[in-house]
Amino acid sequence: MSTLEKTIVLLREMPEQSLESLYDFIRSIWIYQDGKTEFVENSVDISESMEGFRVLQSFAGTLPADFDYKKELEEMREEKYARFN
């Protein structure tokens with residue numbers, strides 16, 4: 001069985017939501033493979049998304065060394081949901 005045939009069998013067994021994500025991933029690879037595609041009008045301009053991603057990356061490593069994630073999460077949950085108790 002060829003790789004294409006194996007892939008088709010696998011795709012037929014995948015749930016629809018997974019197929020949509022896989023399609024988007026494959027399409028993004030195809031679009032950037034040679035820098036152009038015949039579907040240019042349908043391609044998504046990701047420059048804004050990439051800039052947003054760079055902004056998020058700039059926050060990486062800005063927490064103090066002794067930051068207690070679990071404690072902070074619990075405090076924020078208490079603050080946000082205290083009125084429902």
Of the non-hydrogen atoms in Lys6 and Met1, which two are nearest, and what is the gap between them? CE-O, 3.4 Å

Apart from Ile8 itself, what residues make up its hydrophobic cluster when side-chain heavy atoms of I, L, V, M, F, W and Y under 4.5 Å apart count as a link, directly or indirectly? Leu4

Are Glu51 and Arg54 close enough for a salt bridge, meaning some N to O gap below 4.0 Å? yes

I'd like to check the side chain to side chain contact (heavy atoms under 4.5 Å, CB included) partners of Glu16; sequence neighbours left out, ordered by chain and number.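 Residues passing side chain to side chain contact (heavy atoms under 4.5 Å, CB included) with Glu16: Leu19, Glu20.
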
Any residue meeting side chain to side chain contact (heavy atoms under 4.5 Å, CB included) with Ile26, in chain and number order, not counting sequence neighbours: Leu22

Point-to-point distance, once rounded to the nearest 0.5 Å, from CD of Glu5 to OG1 of Thr7: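 Output value for this atom pair is 9.5 Å.
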
Take atom CZ in Phe67; do more than 12 heavy atoms of anything else shown fall under 6.0 Å from it? yes

Within a 6.0 Å radius of atom CD on Gln17, are there more than 12 heavy atoms belonging to other residues, nucleotides or ligands?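 It does not: Gln17 CD has 12 such atoms or fewer within range.
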
Name the residue from Met76, Glu75, Arg83 that meets the side-chain contact (heavy atoms from CB on, under 4.5 Å) definition with Glu79.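 Of the listed residues Met76, Glu75, Arg83, the side-chain contact (heavy atoms from CB on, under 4.5 Å) partner of Glu79 is Met76.
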
